[in-house]
Amino acid sequence: MIRVLYLIYQICFALPVMIVITILVALATMIGSIFDHRFWGYWPGMIWGRLFYLIFLIPLKVDGKEHIRKGQSYVIAPNHQSYWDAFLIYGYIGIKFKWMMKKELGRIPFVGWACYMAGCIFIDRSSRNSAKESIRKAESKLKDGMSVVIFPEGTRSYDGQIGKFKRGAFLISEELGLPILPVTIDGNYDVMSRHAWNVTWHPVHMTIHEPVWPKSTKDMTEAEVKEIMNETSQEVYDIIKETLDKGN
């Protein structure tokens, strides 16, 4: 009975309200970013992300904010369980950032347009030179404490388990000398998996871990640098997976 009432609530109230709010936030971001993309590219999205959890009545716990150092830029690397991960990171990570996302997402009405105006970093995954282009774009934006969010798995989980990491986040960390900030998201798969059409009430827990700093690769060969990146990738993967396993 409670599930039926919650479904009625989200269809009749929560979803219509959030559609209107999403359009208003996107418009505010697009217009405001013309003048100041650092402010308008973050604060409206932060409010938007929090409202999703509040209006859909999703209980949330956040641990580890003490690991974030004010003024430091990070490569934020969360596992990817759901579309709701975007609302969670926007609303509760607590530091200004730009998304790194595939260029196709920039075509989404309002949300994609807002991301483009806010200065998010779009990558062309069909291009062989996309990795170098991503680093060039990131380097120009990640200044004065501005961070970047990259989902290392590259796509949402199919079964709630953490998937294999791609190189992008670790390549940027290595090239720009920025620490990786591992983030464990636990519960969003149950809130709305990639197979679901509606939201399910379920508690969510986000854990922000201690940063993993890039190792010095000075005078190393290309093969040695690649090995270092693989080690860093595995370290971040293990940190996130261990926390997910504890939650289960």
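Under the rule for a salt bridge (charged side-chain N to carboxylate O under 4.0 Å, His left out), the partners of D63 that lie at least two apart in sequence or sit in another chain are K61. Under the side-chain hydrogen bond (donor to acceptor under 3.5 Å, both in side chains) criterion, S157 pairs with D159, sequence neighbours left out. Remark: Y74 pairs with no residue by the ring-ring contact (aromatic ring centres under 6.0 Å, His included) rule, at least two apart or across chains. Scored by the ring-ring contact (aromatic ring centres under 6.0 Å, His included) test, H205 finds no partners at all (sequence neighbours excluded). By the side-chain hydrogen bond (donor to acceptor under 3.5 Å, both in side chains) test, Q72 pairs with R69, sequence neighbours left out. Remark: F52 engages M18, T22, W48, F56, W84, F87 in a side chain to side chain contact (heavy atoms under 4.5 Å, CB included) (not counting sequence neighbours). Taking the side-chain hydrogen bond (donor to acceptor under 3.5 Å, both in side chains) definition, one finds that Y83 meets it with R156, sequence neighbours left out. Every residue was checked against the ring-ring contact (aromatic ring centres under 6.0 Å, His included) condition with Y116, not counting sequence neighbours, and none meets it.
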Run the side-chain hydrogen bond (donor to acceptor under 3.5 Å, both in side chains) check on Q81 and D85 step by step: do they pass?
CA-CA 7 Å; Q81 293 191 333; D85 299 339; over 6 Å; no

Assess whether side-chain contact (heavy atoms from CB on, under 4.5 Å) is satisfied between V212 and L181, documenting all intermediate values.
CA-CA 6 Å; V212 176; L181 189 67; over 6 Å; no

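Considering every non-hydrogen atom in both G177 and P214, the closest pair reads C-CG, 3.8 Å. The shortest heavy-atom contact between N188 and S82 is O-CB, 3.4 Å. Contact record, Q10 with P16: O-CD, 3.8 Å, taken as the closest heavy-atom pair. The two atoms that bring G41 and A118 nearest to each other are CA-CB, 3.6 Å, heavy atoms only. Contact detail for M229 and L171: the closest heavy-atom pair is SD-CA, 3.6 Å. Here the closest non-hydrogen pair linking P182 and P211 is CD-CA, 4.3 Å.
Here the side chains of K98 and H37 are in contact, with some heavy-atom distance below 4.5 Å. W40 places none of its side-chain heavy atoms less than 4.5 Å from the side chain of M30. Side-chain contact between I76 and I208 is absent, with no heavy-atom pair separated by less than 4.5 Å. Proximity of I185 to L88: side-chain heavy atoms (C-beta onward) are separated by under 4.5 Å at one or more points. Residues T232 and F165 fail the side-chain proximity criterion, which asks for heavy atoms closer than 4.5 Å. Here the side chains of L142 and S147 are not in contact, with every heavy-atom distance at 4.5 Å or above. Looking at L57 and Y9, their side chains come closer than 4.5 Å, going by heavy atoms from C-beta outward. Looking at M146 and R38, their side chains come closer than 4.5 Å, going by heavy atoms from C-beta outward.
For W43, the CH2 atom counts as loosely surrounded, since its 6.0 Å shell holds 12 or fewer non-hydrogen atoms of other residues, nucleotides or ligands. By the 6.0 Å contact criterion, NZ on K226 is open, its count of non-hydrogen atoms from other residues, nucleotides or ligands being 12 or less.
Connectivity analysis of hydrophobic side chains (ILVMFWY, heavy atoms under 4.5 Å, direct or indirect) links L7 to I11, W197. Other cluster members for V4: I8, joined by side-chain heavy-atom distances under 4.5 Å among Ile, Leu, Val, Met, Phe, Trp and Tyr. Hydrophobic clustering, defined by side-chain heavy atoms of Ile, Leu, Val, Met, Phe, Trp and Tyr closer than 4.5 Å, leaves Y189 isolated from every other such residue.
Between the CH2 atom of W201 and the CD1 atom of I58 there is a distance of 7.5 Å, given to the nearest 0.5 Å. Of the inter-residue distances, the one linking E174 atom CD with S233 atom OG reads 12.5 Å to the nearest 0.5 angstrom. One finds the CD1 atom of I172 at 11.0 Å from the CZ atom of F170 (value rounded to the nearest 0.5 Å). Rounded to the nearest 0.5 Å, atoms OG1 (T200) and CE (M192) are 9.0 Å apart. With rounding to the nearest 0.5 angstrom, the CD1 atom of I180 is 4.0 Å from the OG atom of S173.
Applying side-chain contact (heavy atoms from CB on, under 4.5 Å) to I240 and the options V183, T184, D245 leaves one that passes, T184.
Within the structure, ring pair (Phe, Tyr, Trp, His ring centres under 6.0 Å) contacts touching residues 207-235 (residues at least two apart or in different chains) do not occur.
Side-chain N/O atoms of Q234 and N230 include no donor and acceptor closer than 3.5 Å.
Ring centers of Y90 and W99: under 6.0 Å apart, within the cut-off.
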